[in-house]
2 protein chains.
Amino acid sequence: MFLTQRNQYALRAIVELAKRFGSGPVKVSEIATAQAIPRRFLEVILGQLKGSGLVAAKRGYHGGYILLREPEDITVGNVIRFLQGEPDHKDCQNCVFKLQCPTDRDCAFASLWNRVNEAVFGIFDETTIQDLVEDGRMVES
Amino acid sequence: MFLTQRNQYALRAIVELAKRFGSGPVKVSEIATAQAIPRRFLEVILGQLKGSGLVAAKRGYHGGYILLREPEDITVGNVIRFLQGEPDHKDCQNCVFKLQCPTDRDCAFASLWNRVNEAVFGIFDETTIQDLVEDGRMVES
DNA sequence: TTAATTCCCGACTCTTTTAGTCAAGAAAGA
DNA sequence: TCTTTCTTGACTAAAAGAGTCGGGAATTAA
């Protein structure tokens with residue numbers, strides 16, 4: 001699989017915020033219920049997501065989280081990159097540049113990893129949160 | 001990253017066998033040295049790989065491992081699928097079929113995972129072990 | 001037939017990652 | 001001021017990942 005449970009939670013939380021885009025802050029507990037995510041854990045995750053600039057939190061009575069950009073302006077790639085960075089093929093980079101690579105002369109994988117990486121992020125980058133909201137709708141009926 | 005260290009070892013071991021295809025059994029210790037893989041660990045991995053039908057082992061004096069098919073007839077996909085199976089999106093399958101999915105109405109991810117999976121295995125399936133051997137050569141010079 | 005070599009096998013350890021919890025605190029509004 | 005809601009950091013538990021170890025079984029050379 002490509003994403004940890006945690007990162008899927010993060011993505012789903014954002015999708016949930018997107019569904020309610022424009023209707024004010026959404027409480028962690030609402031998101032947790034809607035998406036069947038453990039509330040305590042989700043608090044941690046959303047706390048992290050604030051650092052991305054994609055969401056903001058508001059405390060107090062009518063507090064909660066809001067999405068800072070329109071769902072069609074956020075891609076899955078934006079989210080994933082924030083959560084985990086692009087895969088660092090540091091061993092393979094070394095191979096390419098021929099520096100201190102443990103496998104030395106025969107790292108045949110640099111090109112393969114690059115192609116896979118580009119394919120995956122190509123998809124992530126062309127899929128917006130809005131797309132996910134709409135895909136969800138289709139199944140929902 | 002897409003593959004565990006262990007599975008990269010497995011792939012590299014097969015590449016090493018491919019490089020020596022046709023010249024009789026190759027000892028684990030030779031592969032381990034050539035590819036900088038801990039020998040004990042590699043024994044375990046190659047033991048597992050026997051189950052794939054891609055390699056066979058011979059014991060005793062001039063024993064070792066051999067590749068059972070030509071390097072151009074084995075794809076990375078063949079190896080990866082044996083090692084880890086195709087990712088099972090069991091939660092998302094549920095979403096697609098609308099059965100007991102934990103996220104219920106809004107699993108927006110089935111389509112995304114499928115596209116990613118197809119992209120990745122598309123690349124894996126069109127890359128042969130021979131390709132990897134040749135890529136290694138290019139860097140080697 | 002014995003000794004050397006090499007794979008074979010299962011159990012075992014160590015570390016890292018992942019998942020998730022908890023308690024106390026700070027902001028905001030009613 | 002009381003309630004609500006996010007905030008923070010520490011904490012625990014379970015699983016996955018990486019790698020080791022000792023002894024046994026097949027094969028071949030001497």
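Worth knowing before you read on, the calculation uses all heavy atoms, side chains too, and leaves out hydrogens, waters and symmetry mates. Everything numeric here is computed off the predicted structure, so don't read it as measured data. Convention: sequence-line order gives letters A, B, ...; per-chain numbering from 1.
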J.: Please confirm whether any donor atom in the side chain of A:Arg40 sits under 3.5 Å from an acceptor in the base of C:dA23, or the reverse.
T.: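 Yes, a donor-acceptor pair under 3.5 Å.
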J.: Would you classify A:Val44 as touching base, sugar-phosphate or nothing, given that sugar-phosphate means primed atoms plus P, OP1 and OP2, and contacts are heavy atoms under 4.0 Å?
T.: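 A:Val44: base contact, heavy atoms under 4.0 Å.
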J.: Testing the 3.5 Å rule here: is there a donor-acceptor pair between the side chains of B:Asn114 and B:Ser111?
T.: no
J.: Rounded to whole Å, how long is the line connecting atom CD of A:Glu43 with atom P of C:dA27?
T.: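 In whole Å, C:dA27 P and A:Glu43 CD are 17 Å from each other.
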J.: Output the rounded distance in Å from NE2 (B:His62) to P (D:dT28).
T.: 10 Å
J.: Between B:Tyr61 and D:dA26, is there a contact of a side-chain N or O with OP1 or OP2 at under 4.0 Å?
T.: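 Result: no.
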J.: Taking atom P of D:dT20 as reference, at what distance in whole Å does atom CD1 of B:Ile37 sit?
T.: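 Roughly 12 Å, once rounded to whole Å.
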J.: Drop me the distance from B:Glu43's CD to B:Ile31's CD1, to the nearest 0.5 angstrom.
T.: 10.5 Å
J.: When the ring planes of A:Phe124 and A:Phe121 are compared, do they come out parallel, tilted or perpendicular, using 30° and 60° as the limits?
T.: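 Correct class here is perpendicular.
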J.: Could you check how far NZ of B:Lys58 sits from P of D:dA26, rounded to whole Å?
T.: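 It is 15 Å, rounded to the nearest whole Å.
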J.: Can you measure A:Tyr65 atom OH to C:dA28 atom C1' for me and round it to whole angstrom units?
T.: 15 Å
J.: Do B:Arg6 and B:Gln48 get their side chains close enough for a donor-acceptor pair, meaning under 3.5 Å?
T.: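 Yes, because at least one side-chain N or O of B:Arg6 sits under 3.5 Å from a partner of the opposite role on B:Gln48.
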J.: Would you kindly check whether a donor in the side chain of A:Arg59 faces an acceptor in the base of C:dA26, or vice versa, at under 3.5 angstrom?
T.: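 By the distance-only test, yes, there is a pair.
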J.: Any side-chain N or O of A:Ser29 under 4.0 Å from OP1/OP2 of D:dT5?
T.: no
J.: So, A:Arg20 and A:Glu16, do they make that salt bridge, N to O below 4.0 Å?
T.: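 Salt bridge flag = yes for A:Glu16 with A:Arg20.
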J.: To the nearest Å, how far apart are B:Leu42 CG and D:dC21 P?
T.: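 The distance from CG of B:Leu42 to P of D:dC21 comes to 16 Å, rounded to the nearest Å.
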J.: Would you mind reading off the distance between B:Ile45 atom CD1 and C:dC9 atom C1', rounded to a whole angstrom?
T.: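 Result: 15 Å.
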J.: For the pair made of CZ in A:Phe41 and C1' in D:dT12, what is the distance, rounded to whole Å?
T.: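 Nearest whole value for this atom pair: 13 Å.
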J.: Starting at the 5' end of DNA chain C and moving along, which residue's nearest nucleotide shows up first, A:Arg6 or B:Ala57?
T.: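 Its nucleotide being nearer the 5' end, the pick is B:Ala57.
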J.: Output the single nucleotide from D:dC6, D:dT20, C:dC8 whose closest atom is nearest the side chain of A:Lys27.
T.: D:dC6
J.: Using a cut-off of strictly less than 4.0 Å, decide whether A:Lys50 has a side-chain nitrogen or oxygen near OP1 or OP2 of D:dC6.
T.: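 The answer is no; no side-chain N or O of A:Lys50 sits under 4.0 Å from OP1 or OP2.
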